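Data block below; observations after.
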Amino acid sequence: MEPTLKNKILEYRKLTKLKSTYVDTLPSLISHRTGRLHASFNQTIAATGRLSSSDPNLQNIPIRTEIGRKIRRAFIPSNKQDWIISADYSQIELRVMAHLSGDKGLREAFERGEDIHASTAAAIFDIPLAEVGDDHRRKAKEVNFGIIYGISQYGLASRLGISADEAQEIIQNYFIRFPKVNDYMIHTIAFVQKHKYVTTIRNRRRYIPEIDSKNANIRQNAERMAINTTIQGSAADLIKLAMINIQKKFDREDLQTKMILQVHDELIFEVQANELERVRRLVKKEMEGAIKLNVPIKVDIGVGKNWLEAH
DNA sequence: AATTTCACG
DNA sequence: ACGTACGTGAAATTA
């Protein structure tokens, strides 16, 4: 098919975004002193307790398109004998939801090591796991995002391009199959209505006064913020503890490895060849064991000569 | 200075 | 009557 004008405009914007934000800008920000990029990692900006990165933002380096991946490939170690290690938590926010809610079905899916979007599809569409197709899985993935974000029938409907009634039915099916997730959401909303704040797994608080708004939109938005904050904020607690413990070990064991980036559920390291295997094991252990949950935590580790390859 | 758009988790 | 998913930051555009 001939691309439409609209598609051409979107394509143009995609390319100029990558050029202006990354290709034209990042090289000029390389320090004359160190020959490297240095960002700020802000600890008191994100309301959920996540870090944020600025000047430049190194938490939004492209990866989703082929041309974007060429930019990520440019991130390499200072010394070309060295390696990049990337360690990322697998489905951490859904695991946190499984932990906080205690839902049996969700916990068992993780204990069996299942593809969580596929097993969600099997549950909500009431079909055997073996019969889950790409379209079922894609829809279930959107539902799982919705769970983390504090789902609404309208949000899910617009994502899936279906009616609000159809979305409502999918959500109802989800809650029938994962009832304690429903209980958890109801409990969290009751808590925020009473206290005007919610807490994370390590007791960080976010105050949400909008829960008392007489505007229904603002109020429902506050409910979603409350649910999402317990999940996103608890995952932030987990990776921050892991970062502290990992650096302590590096110091104690006199390792030269440098922790260079954090991207919410991922840590990036610059590692000498002779430390590679040791660091791999150490990082995996500290990340998976930072906080004991009642579901397994899985960390995937990759090694490469640049950030893209390390995935 | 505020808004829009789009990059990431 | 409204217009929807959570959390960010940077560049371009609008006003």
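Worth knowing before you read on, the calculation uses all heavy atoms, side chains too, and leaves out hydrogens, waters and symmetry mates. Numbers restart at 1 for each chain; the letters A, B, ... are given by sequence-line order, proteins then strands. Fair warning: this is a prediction, and the values are worked out from it, not measured in the lab.
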Do E277(A) and R281(A) pass the salt bridge (charged side-chain N to carboxylate O under 4.0 Å, His left out) test, and can you show the C-alpha distance, the side-chain angles, and the key distance before you say yes or no? CA-CA 6 Å; E277(A) 283 317 307; R281(A) 244 200 339 273; 5.7 Å; no
Q: Go through the steps to decide whether S53(A) and Q59(A) satisfy the test side chain to side chain donor-acceptor pair (under 3.5 Å), and finish with yes or no.
A: CA-CA 6 Å; S53(A) 167; Q59(A) 292 180 321; 5.0 Å; no
request  = Go through F175(A) and I171(A) one step at a time and tell me if the side chain to side chain contact (heavy atoms under 4.5 Å, CB included) criterion holds.
outcome  = CA-CA 6 Å; F175(A) 287 147; I171(A) 293 166; 3.4 Å; yes
D300(A) vs K298(A), test: salt bridge (charged side-chain N to carboxylate O under 4.0 Å, His left out). Steps then yes/no. CA-CA 7 Å; D300(A) 295 318; K298(A) 186 175 163 226; 3.6 Å; yes
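Interface residues of residues 158-178 of chain A facing DNA chain C, ordered by number: R159(A); criterion, heavy-atom separation under 4.0 Å. A heavy atom lying under 4.0 Å from DNA chain B marks the following residues of residues 226-235 of chain A, by number: Q232(A). A heavy atom closer than 4.0 Å to some atom of DNA chain C occurs in S52(A), S53(A), S54(A), D55(A), N57(A), these being the qualifying members of residues 52-60 of chain A.
Residues Y197(A) and I208(A) fall into different hydrophobic clusters, defined by Ile, Leu, Val, Met, Phe, Trp and Tyr side chains chained together at heavy-atom separations under 4.5 Å.
Atom CZ in F41(A) sits roughly 13 Å away from atom C1' in dT8(C) (whole-Å rounding). For the pair L100(A) CG and dC6(C) P, the interatomic distance rounds to 19 Å; values are reported in whole Å. K17(A) places its NZ atom 10 Å from the P atom of dC8(B), with the value rounded to the nearest Å. Taking atom OH of residue Y12(A) and atom C1' of nucleotide dC6(B), one finds them 14 Å apart after rounding to whole Å. Between E210(A) atom CD and dC6(C) atom C1' the separation is 14 Å, expressed in whole Å. Rounded to an integer number of Å, the gap from Y89(A) OH to dC8(B) C1' is 19 Å. Rounded to whole Å, atom P of dA7(B) lies 13 Å from atom CZ of R69(A). Residue L238(A) contributes atom CG, which lies 20 Å from atom P of dG7(C) at whole-angstrom precision.
Residues Q153(A) and A167(A) share a closest heavy-atom pair of O-CB, 3.3 Å. Counting all heavy atoms, side chain and backbone alike, K80(A) lies closest to K305(A) at O-NZ, 2.9 Å.
At a cut-off of 3.5 Å, with distance as the only test, a side-chain donor of T4(A) or N7(A) sits close to an acceptor on the other residue. Of the N and O atoms on the side chains of E131(A) and H136(A), not one donor lies less than 3.5 Å from an acceptor on the other residue.
Residue contacts shown for A47(A) are limited to sugar-phosphate atoms, with no base heavy atom under 4.0 Å away. Residue contacts for I45(A): at a heavy-atom cut-off of 4.0 Å it reaches the sugar-phosphate backbone alone, with no base atom in range. Among the atoms of the strands shown, none is found under 4.0 Å from any heavy atom of I148(A). Residue G146(A) is classed as a base contact, given a heavy-atom separation below 4.0 Å to a base. No contact: E266(A) has no heavy atom under 4.0 Å from any strand.
For dC2(C), there is no paired nucleotide, since no Watson-Crick or G-U wobble pair has both relevant distances below 3.5 Å. The partner of dA1(B), taking Watson-Crick or G-U wobble pairs whose two distances both stay under 3.5 Å, is dT14(C).
Taking 4.0 angstrom as the limit, R64(A) places a side-chain polar atom (N or O) nearer than this to OP1 or OP2 of dC8(B). Taking side-chain N and O atoms only, R206(A) has a distance below 4.0 Å to OP1 or OP2 of dG7(C). An OP1 or OP2 oxygen of dT5(B) is reached within less than 4.0 angstrom by no side-chain nitrogen or oxygen of R13(A).
Heavy-atom distances to DNA chain C give each of N215(A) and R224(A) a nearest nucleotide, and the one nearer the 5′ end belongs to N215(A).
The M225(A) side chain lies nearest to dG7(C) when the options are dT5(B), dG9(B), dG7(C). When distances are taken from the side chain of D265(A) to each of dA10(C), dG9(B), dA5(C), the shortest belongs to dG9(B). Which of dT4(C), dG9(B), dG9(C) sits closest to the side chain of Y154(A) comes down to dT4(C).
Paired with Y174(A) under the rule side-chain contact (heavy atoms from CB on, under 4.5 Å), one option of I151(A), V181(A), L156(A) passes, and it is V181(A). Exactly one of I244(A), D251(A), I246(A) qualifies for a side-chain contact (heavy atoms from CB on, under 4.5 Å) with K248(A). That residue is I244(A).
The side-chain heavy atoms of I170(A) and L160(A), taken from C-beta on, include a pair separated by under 4.5 Å.
In this structure a side-chain-to-backbone donor-acceptor pair under 3.5 Å is missing from S213(A) to I218(A).
Separation of the C1' atoms belonging to dC6(B) and dC2(C) is 26 Å when rounded to the nearest angstrom.
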